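Below is one structure, written out as structure tokens; the observations come after it.
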Amino acid sequence: MNILITGAAGYIGSHCAINFINNNYNIIVFDNLETGHIEIIEELKKLADIKFIKGDLRNKSDVENLFKENKIDAVVHFAAYSLVEESVKNPSKYYNNNVVGTLNLIDSMVKYNVKKIVFSSTCATYGEPKYTPLDENHPQNPINPYGSTKLVIEYMLKDYDKAYDLKSIKLRYFNVAGCDEKSRTGEWHDIETHLIPNILKSTFENDSNKKFKIFGNDYNTPDGTCVRDYVNVEDLVEAHRLALEYLIKENKSDAFNLGTQKGNSVREVFDTCQKVLNKKIDVEIAQRREGDPEILYSNSQKAHKILNWHPKKTIEYSIKTAYEWECKLREILAERSG
Ligand code: UFG
């Protein structure tokens with residue numbers, strides 16, 4: 001079976017590629033290398049004889065050629081911009097890449113009779129929680145353009161199923177954490193906004209990064225800091241494989257939350273980082289970050305029952321592997337700069 005993975009040079013897409021290679025799928029990886037990295041593709045190439053195509057989903061001829069020149073049986077689609085704050089400042093960039101790019105992709109899928117797609121969606125499509133844990137029936141009212149673009153795509157996929165029989169599984173991620181057990185890939189964003197990498201980066205002496213900041217400790221939570229559901233990236237990508245196999249077997253569209261069903265506060269994650277690294281880390285309390293909901297954690301029972309997905313890895317493991325990756329990343333960057 002030939003599986004196209006878009007955005008395979010990025011954080012989650014590259015972990016998914018490793019999982020699919022380990023499970024003997026033939027993969028074709030597509031990425032424009034704008035936020036993804038060629039070094040990650042080189043690592044993937046060491047694992048299997050994969051085909052890498054550099055291209056952009058916004059460019060119709062890139063997408064057309066991709067389907068014309070390759071036999072593709074199904075698609076796992078990650079390629080997207082994903083910075084919430086940037087999406088508020090520049091929604092055009094987000095609608096153009098995420099929505100128009102996906103439109104080009106699914107139009108070509110229909111044209112070339114490729115009728116199965118697993119889509120990387122987000123809990124940001126739910127917006128401000130009305131209740132927790134959030135299940136798949138929670139109303140979807142995104143509060144930022146990033147979440148809106150992902151919801152528009154969910155709508156497009158629903159309509160394409162009805163009209164063209166394109167079957168899709170929408171996977172709504174909570175907070176993805178950790179890196180590959182062998183540091184072959186990891187979280188590598190030129191602009192880093194996420195909690196765990198920011199804590200870890202602050203521990204490297206030569207980094208120009210400032211002291212780690214907790215954004216607000218006056219929330220209505222047990223220790224005053226925001227609560228999130230941190231799901232390990234290797235567990236998360238395993239759900240993509242199960243979702244694809246479900247699609248192949250059942251040929252039915254659906255949507256699933258992917259989280260651990262447990263909440264950890266920012267303070268707890270910070271303390272766990274200190275424990276895992278066995279190191280005291282400097283911290284300062286800063287103002288709340290705009291648009292951060294107080295508490296977000298998932299009800300992922302549906303994925304347990306229907307996909308037989310059972311995330312196993314602990315947050316300690318995620319932090320350990322994320323730290324190993326941070327060390328490796330410094331080697332890669334040193335090599336790059338000669
Ligand atoms: N935080 C800090 N300091 C930092 C970084 C983050 O205190 O340096 C806090 C945030 O305020 C928040 C928590 O840590 O309370 C988690 O923040 P992240 O940026 O790691 O993650 P988010 O919950 O904001 O974002 C995640 C995904 C997004 C998705 C969003 C949906 O990473 O892609 O959930 O709510 F859109």
Side-chain angles (χ1 to χ4, degrees), residues 6-7 12 75-103 105-106 117-164 166-176 193-194 226-231 236 239-240 243 246-247 252-263 289-307 309 311:
T6 73
I12 305 172
V75 178
V76 186
H77 176 38
F78 295 96
Y81 291 137
S82 63
L83 297 174
V84 171
E85 206 182 344
E86 185 187 52
S87 79
V88 175
K89 292 193 183 120
N90 195 353
S92 167
K93 179 175 171 180
Y94 276 68
Y95 280 95
N96 198 18
N97 190 37
N98 297 4
V99 176
V100 176
T102 304
L103 184 64
L105 174 70
I106 61 179
I117 181 167
V118 176
F119 171 60
S120 162
S121 189
T122 167
C123 67
T125 58
Y126 294 121
E128 198 61 52
K130 297 207 181 319
Y131 58 85
T132 46
L134 285 106
D135 58 25
E136 290 82 358
N137 297 323
H138 187 284
Q140 289 179 290
N141 291 310
I143 54 167
N144 53 62
Y146 166 66
S148 301
T149 62
K150 292 284 181 171
L151 184 57
V152 169
I153 297 167
E154 289 204 11
Y155 287 148
M156 287 176 2
L157 290 171
K158 191 166 148 233
D159 294 337
Y160 273 49
D161 182 2
K162 206 166 172 196
Y164 313 121
L166 176 74
K167 301 296 177 196
S168 62
I169 299 286
K170 281 78 73 179
L171 298 175
R172 298 180 191 145
Y173 314 155
F174 283 70
N175 290 55
V176 188
T193 60
H194 295 106
C226 289
V227 171
R228 294 287 182 276
D229 180 341
Y230 295 89
V231 56
L236 184 98
H240 292 65
Y246 173 84
L247 255 188
K252 266 202 314 234
S253 295
D254 213 334
F256 299 93
N257 283 345
L258 298 179
T260 63
Q261 314 198 100
K262 277 198 302 277
R289 189 171 68 178
E290 211 184 310
D292 274 341
E294 208 154 68
I295 302 183
L296 277 179
Y297 66 101
S298 73
N299 175 331
S300 299
Q301 286 301 320
K302 192 174 163 190
H304 296 191
K305 286 198 194 103
I306 298 180
L307 299 179
W309 178 66

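No experiment lies behind these values; they were computed from the predicted model shown.
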Exercise. Would you check, one step at a time, whether the test side-chain contact (heavy atoms from CB on, under 4.5 Å) holds for Ser168 with Glu154?
Key: CA-CA 9 Å; Ser168 62; Glu154 289 204 11; over 6 Å; no
Residue pair [X] / [Y], side-chain heavy-atom distance below 4.5 Å:
X: His240; Y: Leu171; result: yes
X: Asp292; Y: Arg228; result: yes
X: Tyr94; Y: Leu83; result: yes
X: Glu128; Y: Pro139; result: no
X: Pro129; Y: Glu294; result: no
X: Lys167; Y: Ile117; result: no
X: Ser300; Y: Thr260; result: no
X: Arg172; Y: Gln140; result: yes

Quiz item: Do other residues, nucleotides or ligands put more than 12 heavy atoms under 6.0 Å from the NZ atom of Lys302?
Solution: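 Atom NZ in Lys302 is packed in, count exceeds 12.
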Quiz item: Can you list every salt bridge (Lys or Arg N to Asp or Glu O under 4.0 Å) pair that touches residues 81-101, not counting sequence neighbours?
Solution: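 Qualifying pairs: Glu85-Lys89, Glu86-Lys93.
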From [atom1] ([X]) to [atom2] ([Y]), nearest 0.5 Å:
X: Ile169; Y: Leu157; atom1: CD1; atom2: CG; result: 10.5 Å
X: Thr122; Y: Ile153; atom1: OG1; atom2: CD1; result: 11.0 Å
X: Phe174; Y: Leu258; atom1: CZ; atom2: CG; result: 9.0 Å
X: His194; Y: Asn175; atom1: NE2; atom2: CG; result: 7.5 Å

Exercise. Mark yes or no for whether Thr6, through its side chain, and Phe78, through its backbone, hold a donor-acceptor pair below 3.5 Å.
Key: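 Checking the backbone N and O of Phe78 against the side chain of Thr6, a donor-acceptor pair under 3.5 Å is found.
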Exercise. Verify, without hydrogens or angle tests, whether Asp159 (side chain) and Lys162 (backbone) share a donor-acceptor contact under 3.5 angstrom.
Key: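 Side chain of Asp159 to backbone of Lys162: no pair is present.
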Quiz prompt | Nearest non-hydrogen partners of Ser121 and Lys150, listed with the distance | solution =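 The answer is OG-CB, 4.1 Å.
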Self-check item: Pair Ser298-Asn257, side-chain donor/acceptor within less than 3.5 Å
Solution: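 Side chains of Ser298 and Asn257: no pair found under 3.5 Å.
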Quiz item: Do Ser120 and Tyr173 meet the criterion of a side-chain donor-acceptor pair at a distance under 3.5 Å?
Solution: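 Yes, because at least one side-chain N or O of Ser120 sits under 3.5 Å from a partner of the opposite role on Tyr173.
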Quiz prompt | Aromatic ring pairing Tyr246/Phe256, orientation class (parallel under 30°, perpendicular over 60°, tilted between) | solution =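 Geometry flag for Phe256 against Tyr246: perpendicular rings.
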For a quick test of your reading: what N or O donor-acceptor pairs under 3.5 Å do the side chains of residues 95-103 make, sequence neighbours left out?
residue : atom : partner : partner atom : Å
Asn97   : OD1  : Arg58   : NE           : 3.4
Asn98   : OD1  : Tyr81   : N            : 2.9
Asn98   : ND2  : Tyr81   : O            : 3.1
Asn98   : ND2  : Thr149  : OG1          : 3.2
Thr102  : OG1  : His77   : NE2          : 2.9
Thr102  : OG1  : Asn98   : O            : 2.5

